[in-house]
Structures are given as C-alpha cells and as structure tokens.
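Report on the structure given below.
Chain A is the first sequence line, chain B the second, and so forth, proteins listed ahead of strands; every chain is numbered from 1.
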Amino acid sequence: MKRLNEVERDALAETFNIALGDAVAALADIVHEEVQMAVPEVEFLDTAQLVRRLSGAGEPGTGGAATLAAEGHSPMLCSIGQRFSGSGLEFRADAMLLFPALGCVGIVRRMLGHDAAADDQASELEQDALAEVGNIVINSCMTKLACIFEAELVGTLPRVRMGRADELLPRALAGSVALVMQIGMTLYGQRLEGAVLLLMDSPSLELTIRRTQIYFRLDAQSVPA
Amino acid sequence: MSIQGEIAVLVVDDSRVSRTLLIGLLRNRCQDLVIHEAADGSTAVTLAGQLRPKLVVLDVNMPGISGLDAAAQILQAQPGTRVAMLTANHQAATQRRAAEQGVAIFRKPISGEVADQILDLTGALA
C-alpha cells in the first residue's frame, strides 16, 4: 500500500476537516441545537488496528477511536453505513458513522420526544431517524470528496446496525485502510464521542491520494501567490 | 383528485421521519394543503398519475428508482407539476441532473426556510 507523505496526509486531513464541519452543521440543524465540537482528529489505520481501537484494546492514552468503546455504559456500537462507488472511477469505499449505541439512541429519543429509557435497542422509528442522521452526515463528507474527485460518488441506502466493532466492520474490505475522523461533541448537555470512517481498498486510497494531489496542486509544490 | 381551493402535495421519501418533518412544516405554513405520502419512486409515479398533485417533493436516494428518475416520469406524464428534490446528496452531478430536468433542488435537513421556498413553487404563500 502506498504510504502518504506528510503534505498528502495534511491535505487529506484538511479536506475531511472541512467536510466534517459541514456534516456537524447539518447535525446541528437536525437536532435544533448548537453542537459543540472538539477539533476532529483524522488518522489512517489498517482494519486490524481499527478493530482493536474500536474495541477499546488500544494502548492507554492513545486517544482516537478507542474512546468509542470506553464510555463505560455499553460495549455496543451503533453504525450507520453506506457503500459508495465512483461513476467512471476505480473507487469504492464504505463510509460509516459510529457512535456508542446507548448515547446515540438516547439522542435520537430526545430528537423524537420519546422517553429516554436506559437501553440501547432502537425502535423501528428510531432506526429510521438514525439512518437519516447518518445519511445527512455521511453525504456531507462524500459531497466534499466528490468535489475533489470532480466525479460522482454513488451511494447505497444507509444501513443501521448495532454490534461490536468486529461485527460491524465490513468483511468485504478486509485488508483495506481506514481513514478515521473522530468527532467529540456536546449535544443536549451530553458528551458524545463518535467517528466517521471511510474504509478503502488500496486502489481507492491511491486514487484518493492522486486526486488530492491534483486538487491541492501538491505535485507542483507551489508557493502560494 | 384535488378539490377546488385545496392544493394536493405528494411527499416522497423512504425515511418516515423525514416525511413527517417535512409534512409538519408544510402544514404549519399552509392550511389548504392535502398531503399524500409515498416511500419510493415507483409508488410516487403511480400516485402522481392518480392524484395529479400540484407539487411533488422527492428524496433522491430511495429503494428502486431514484427520485430524479421518478421526477422525470412524473413530468413527462404531467408537465405542469411543480417538482422539488430534497436530498442529502447535493453533489455537483446531482445538482446538474436536477437542473437538466428543470426541477428545484434543496439540501437536507429540512428547515422552515426551505419549506417556504418549496411552497413558493406552487404560489401557495402568495
């Protein structure tokens, strides 16, 4: 797999930081409340590292997505996922929005005006609401990526699943690399740690790097005018 | 069939929550609306043929045919219908396709301001 140099990594991180800003603004519109967001962290992990981190098995103090499973309430995660492919491009990726199950079900119940019962099983309507939240947040990110690609990225319908990290990550992309954007936010007075994942195989990652180089003119190593 | 003075509207989205939000905002703004719902594009095309709504609001990504394909079929059968797309997918390609069909496109999540703009397509707020 091609390794990213520092400039490429920074360019990709900045791209997704901007995209995530749009996504969080969309989230604030959905919940009708200001979403206080910590500075997102963007990092690249292979899928094995990602499962360890999401399962809370990372080294203490490493931060990152490990905090999703370290909330102390439930090891279950809620995933809203969509698969994207490029129209006329060799690109495919699984985009996932991940939250601790209890936290995100609680927020959806607040949104819908339901009783915040202390369980993490979402009703059909609550799953519908979760799917729509994921659809809006994920599409905000993918719209930015499509802009960089100057192409259309076609997505499947959002799918909501609850489970442990190793159950949720798509087996079809085993061996792929994950671009992880961790988001920490305060919503309805509750602290919620979440993450947006973009899982790509090697050709898709290399295409993303190439397109990022072109978009940011990194190949020219230009000095800003 | 629409009764005189009433405005028939068809709201099409596979998300029940999104349909409910949009319908609530539309009802708050105009008492003369008769609102029908569909959860996919094929049902929307069938209902549009039967109900002849003045306004159809469609999501883009839905099971079966897309909202844009449904919009094309509805407009071919009833060219006078006002059509709006309401979608999270606001990529340039989607916007271009909507423009080619002459339909308005709005970005999710729905807000009161967007609901006003959608109703403006019918002249209901005039």
Would you find more than 12 non-hydrogen atoms of other residues, nucleotides or ligands less than 6.0 Å from A:Glu150 atom CD?
-> no
Given B:Arg97 and A:Glu152, is the side-chain contact (heavy atoms from CB on, under 4.5 Å) satisfied, shown in steps?
-> CA-CA 11 Å; B:Arg97 225 170 280 147; A:Glu152 184 179 10; 2.5 Å; yes
Is there side-chain contact between B:Gln91 and A:Ser87, with heavy atoms separated by less than 4.5 Å?
-> no
Per-residue tally against chain A (heavy atom, under 4.5 Å) across B:Leu21, B:Asp13, B:Val17 peaks at B:Val17
When rounded to the nearest 0.5 Å, the distance separating CG of B:Asn89 from CG of A:Leu153 is 9.0 Å
All heavy atoms of A:Thr143 vs all of B:Ala88, minimum pair found to be OG1-O, 4.4 Å
Toward chain A, the part of B:Arg19 with a non-hydrogen atom under 4.5 Å = neither
Once you round to the nearest 0.5 Å, how far does CG of A:Asn139 lie from NZ of B:Lys108?
-> 9.5 Å
Salt-bridged, B:Arg16 to A:Glu132, with N to O below 4.0 Å?
-> no
Find the one option among A:Val133, A:Val154, A:Ile136, A:Asn135 whose heavy-atom pairs under 4.5 Å with chain B are most numerous.
-> A:Ile136
When rounded to the nearest 0.5 angstrom, what is the spacing between OG1 in B:Thr20 and CG in A:Asp128?
-> 8.0 Å
From OG1 (A:Thr156) to CG (B:Asn61), nearest 0.5 Å = 9.0 Å
The interface call for A:Leu157 against chain B, heavy-atom contacts under 4.5 Å, is side chain
Engaged part of B:Ser15 at the chain A interface, taking heavy atoms whose separation is under 4.5 Å | both
Under 4.5 Å to a heavy atom of chain B? For A:Ala131 that would be neither
